[in-house]
There are 2 protein chains.
Amino acid sequence: MSREEVVKTARRIVDAEGVDRLTMRRLATEIGSTPMALYHHVRDKEELLVLLLDDYAARTLHRPELPAQPRERVVVAAAAIHEALAACPWIVEVLTADDLMSTSALWFVEQIVDGLVECGLTPERAVHGYRAIWYYTAGEIVVRTAATRRRAAGDRDTYRERVFADIDPGELPRLAEVAERWAPLTAENTYLDGLRALVDGLLATR
Amino acid sequence: MSREEVVKTARRIVDAEGVDRLTMRRLATEIGSTPMALYHHVRDKEELLVLLLDDYAARTLHRPELPAQPRERVVVAAAAIHEALAACPWIVEVLTADDLMSTSALWFVEQIVDGLVECGLTPERAVHGYRAIWYYTAGEIVVRTAATRRRAAGDRDTYRERVFADIDPGELPRLAEVAERWAPLTAENTYLDGLRALVDGLLATR
DNA sequence: GCAAGTTTTTATACATGTAAGAAAAATAGC
DNA sequence: GCTATTTTTCTTACATGTATAAAAACTTGC
């Protein structure tokens, strides 16, 4: 058994039956071994999932044509990461990992940092800018996938509905105004708008 | 037994011994009942955690003095939410919840949306702006707490170190340039800077 | 006051991640 | 070739969330 074999088999299970079916016992029998043997190649299940994500990134994160304009390059590179990760529905469990630091993602990080520097930021501020973009991107994916998953589980979310129904227009006029439209509004995909705003703000000289 | 008692007892356990010690069995014996009885007051453990977070928010999320200037009001309101949540170390498990929608947080959401509207955004764009701020805020907290937790667990993070050590300066010059400083740079707390940038960008008329 | 129905609680059972340590296999030194 | 040591694997066991279904307690209509 090897780490590669573990990850490869795990990937097969996840691809075929979804991340829910990936259990250490299942993985072990699939390999023809016992659960605890896995733990010599992988610290715990979380590490296995991180490896799976890296593996996924390495396979699907293809470098796009990047615009020459540095600001737009930042946007396109971030959007590419976002698109790849958002298509990966079992990601939430992993995304709390500090950073997406698989080798294959580094090129995108480089593009973002470099774009920011070319726009006039110091390297330090560029790294901070990249982090802000990563926070925004990871947050969007985590929040949105959680919402989708809950909706898929048939959760009518009566709690939210009740909270909004109880809004006093005298006290919270703006929320009362949009209460009806809250669900559809927040369901819209506005990742790109927010990303553009963030990048604009990072590059604006205050 | 009542929902309130369940939450109150859960809170006591979490406050006293941390969220790790909160198990359904422990909670049940503390109440003097059986684990499965809890499930008539709470759908599952996740819902219990969300209730705990709401309870926590209701107790600690005090309305600050807000500046008159709407843009600054948005920043201060968002920062207040961030500060309260960031101090809550067991939050990551819950924050994947779609939205922070406890009644006590609504006032802050109102301030943000209202501030954005007063700066000239339509209500729709203001809601989207609020969501962008929420993505950024939730992402920052999730990523940062995960990192802190890992560090606390004594994880030397050799993986990241290795990735950075392997960077080819010819291919990824910017990253090579900051590789040494990456850990301290990303450990800095730049939430406010990023928030200001995001708000600026949201309000800039492109 | 009591039968019918509803809500709440209990008992039992299962699948899961993984700790602890024994066993086995591979490797190194002579 | 054989022993010592290190690496890998297996056995057993436990704590956890929670499904299922039976029991108990409570509520309601008369």
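To find a chain, count down the sequence lines: A is the first, B the second, and so on, and within it residues start at 1.
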In whole angstroms, how far is the [atom2] atom of [N] from the [atom1] atom of [X]?
| X | N | atom1 | atom2 | value |
| --- | --- | --- | --- | --- |
| A:Asp20 | C:dA15 | CG | C1' | 13 Å |
| B:Arg25 | C:dT9 | CZ | C1' | 16 Å |
| B:Glu47 | D:dG17 | CD | P | 15 Å |
| A:His40 | C:dA23 | NE2 | P | 16 Å |
| B:Arg43 | D:dA19 | CZ | P | 11 Å |
| B:Glu5 | C:dT8 | CD | P | 14 Å |
| B:Arg26 | D:dT16 | CZ | P | 10 Å |
| B:Glu46 | D:dT18 | CD | P | 9 Å |

(request) State whether A:Ser33 places a side-chain N or O below 4.0 Å from either non-bridging phosphate oxygen (OP1 or OP2) of D:dC10. (result)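 For D:dC10, OP1/OP2 do have a side-chain N/O of A:Ser33 under 4.0 Å.
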
(request) Would you indicate, yes or no, if D:dT9 has its OP1 or OP2 atom less than 4.0 angstrom from a side-chain nitrogen or oxygen of A:His41? (result)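 Yes.
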
(message) Pick the closest DNA chain D nucleotide for B:Pro35 and for A:Met36 by heavy atoms, then say which residue is nearer the 5' end.
(response)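 That would be A:Met36.
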
(message) What I want to find out is whether B:Glu47 reaches B:Arg3 closely enough, with some N-O distance under 4.0 Å, to be called a salt bridge.
(response) yes

(request) Tell me what B:Thr34 touches on the nucleic acid: a base, only sugar-phosphate, or nothing, going by heavy atoms under 4.0 Å. (result) base

(request) Mind checking A:Leu48 for me? I need base, sugar-phosphate or nothing, with any heavy atom below 4.0 Å counting as a touch. (result)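 A:Leu48: no heavy atom of the nucleic acid under 4.0 Å.
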
(request) Measure the CG-CG distance between A:Leu49 and A:Asp55 for me, rounded to the nearest 0.5 Å. (result)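 A:Leu49 CG to A:Asp55 CG: 12.0 Å, rounded to 0.5 Å.
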
Heavy atoms from C-beta onward define the side chain here; which of [options] lies closest to that of [X]?
| X | options | value |
| --- | --- | --- |
| A:Asp44 | D:dT18, C:dT18, C:dG17 | C:dT18 |
| B:Tyr39 | D:dT18, D:dA13, C:dT10 | D:dT18 |
| A:Met1 | D:dT9, C:dT8, D:dG17 | D:dT9 |

(message) Taking the ring of A:Tyr191 and the ring of A:Tyr136, is the distance between their centroids below 6.0 Å?
(response) yes

(request) Verify the neighbour count for atom CZ of A:Arg181: are there more than 12 heavy atoms of other residues, nucleotides or ligands below 6.0 Å? (result)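 For A:Arg181, atom CZ is crowded (more than 12 foreign heavy atoms under 6.0 Å).
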
(message) Would you say that more than 12 heavy atoms from the other residues, nucleotides or ligands in this model lie under 6.0 Å from the CD of A:Glu83, or not?
(response)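 Counting other residues, nucleotides and ligands, CD of A:Glu83 stays at 12 neighbours or fewer.
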
